[in-house]
There are 2 protein chains.
Amino acid sequence: MSREIHNRIAMFRADAGMSRRELAEAVGVNPQTIGFLERGDYKPSLELALAIAELFGVSVELLFSFEPFPSLSQALQKGRA
Amino acid sequence: MSREIHNRIAMFRADAGMSRRELAEAVGVNPQTIGFLERGDYKPSLELALAIAELFGVSVELLFSFEPFPSLSQALQKGRA
DNA sequence: ACGATTCGTTGTGTTTACGCAACAAAAATA
DNA sequence: TATTTTTGTTGCGTAAACACAACGAATCGT
């Protein structure tokens, strides 16, 4: 049970115009924790994943996945956005 | 950051006609771990949550939630199933 | 140019999600 | 009834997700 997990936290955070500190405060964790998550240094707990997804108003699967996410430009070219 | 997390693992597992040992093997964890999760003794990692949701073919939010799940009979009465 | 945010990194400490083993109780099956 | 499977619990050990502090580098606003 050790599969890699990709995430789109940085993308959604940038889209929301938030800093890491702001996101961290909004979900109740340390700013460094957000940084560690964004660059994949470690995987979030389900609790934190649910909280971030809830904050952005998206599903957990849209934020986290075992499969790597395509870049936004790639996704738009394929009409998947 | 310590919110309670409710889950429907036992319901989906029973619906699939699986034992804890079978579910545990399918997602690659110990059978006791499944038991601990089902009775809420501790919260799963996002990795395990994604794996279980993927196995049952449902979204993470359908399996795990900050809000308590209504019983199946209640949900059916309200036409939410 | 200057100060203020933001970001990246390192380190140390704590909590908890696990793995694994053992065993009793309950339930299912023959 | 006898046997097997499933479930519930306890204990011990480890790894990793956090918290917190400190600091340099980069970026932004004035």
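The model shown is predicted, which means the values in this text are computed figures rather than measured ones. Side chains are part of it too, since the values below use all heavy atoms of this structure and drop only hydrogens, waters and symmetry mates. Residue numbers start from 1 in every chain, and the chains themselves are labelled A, B, ... in the order their sequence lines are given, proteins ahead of strands.
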Under the rule for ring pair (Phe, Tyr, Trp, His ring centres under 6.0 Å), what residues qualify as partners of A/F69, not counting sequence neighbours?
none
Which pairs with one or both residues in residues 14-35 of chain B pass ring pair (Phe, Tyr, Trp, His ring centres under 6.0 Å), sequence neighbours excluded?
none
Under 3.5 Å donor-acceptor pairs involving side-chain atoms of residues 24-31 of chain A, not counting sequence neighbours:
| from | atom 1 | to | atom 2 | distance (Å) |
| --- | --- | --- | --- | --- |
| A/E25 | OE2 | A/R21 | NH1 | 3.4 |

If you look only at distance, which donor and acceptor atoms sit under 3.5 Å apart when one is on a side chain in residues 53-62 of chain B and the other is two or more places apart or in another chain?
| from | atom 1 | to | atom 2 | distance (Å) |
| --- | --- | --- | --- | --- |
| B/E54 | OE1 | A/R3 | NH1 | 3.3 |
| B/S59 | OG | B/L62 | N | 3.2 |
| B/E61 | OE2 | A/V60 | N | 2.7 |

Heavy-atom closest contact (A/A49 atom, A/F64 atom, distance)
CB-CE1, 3.6 Å
Would you give a per-nucleotide map of nucleotides 25-30 of chain C, 5' to 3', where B means the base has a protein non-hydrogen atom under 4.0 Å away, S means only the sugar-phosphate does, and - means neither?
------
Nucleotide [N], atom [atom2] - distance to [atom1] of [X] in whole Å:
{"X": "B/R3", "N": "D/dA17", "atom1": "CZ", "atom2": "C1'", "value": "18 Å"}
{"X": "B/E25", "N": "C/dC20", "atom1": "CD", "atom2": "P", "value": "12 Å"}
{"X": "B/I9", "N": "D/dT6", "atom1": "CD1", "atom2": "P", "value": "18 Å"}

Distance from A/L50 atom CG to B/L46 atom CG, nearest 0.5 Å?
8.0 Å
So CD1 of A/I34 and CD of A/E22: to nearest 0.5 Å the spacing works out to 11.5 Å
List the residues meeting side chain to side chain donor-acceptor pair (under 3.5 Å) with A/S2, not counting sequence neighbours, and say none if there are none.
none
So which pairs with a foot in residues 4-14 of chain A pass side chain to side chain donor-acceptor pair (under 3.5 Å), sequence neighbours left out?
A/R13-A/E38
Any side chain to side chain donor-acceptor pair (under 3.5 Å) involving residues 40-49 of chain B? Give me the pairs, sequence neighbours left out, ordered by first then second residue.
A/K43-B/E47, A/E47-B/K43, B/R39-B/D41
Side chain proximity check, B/F12 to B/I52, heavy atoms < 4.5 angstrom:
no
Taking DNA chain C as the partner, which of residues 27-36 of chain B come within under 4.0 angstrom of it by heavy atom?
B/G28, B/V29, B/N30, B/Q32, B/T33
Of the residues in residues 37-57 of chain B, which ones touch DNA chain C at a heavy-atom distance under 4.0 Å?
B/Y42, B/K43, B/P44, B/S45, B/L48
B/R21 side chain N/O closer than 4.0 Å to the phosphate oxygens (OP1, OP2) of D/dT5?
no
C/dC7 phosphate, OP1 or OP2, under 4.0 Å from A/R13 side-chain N/O
yes
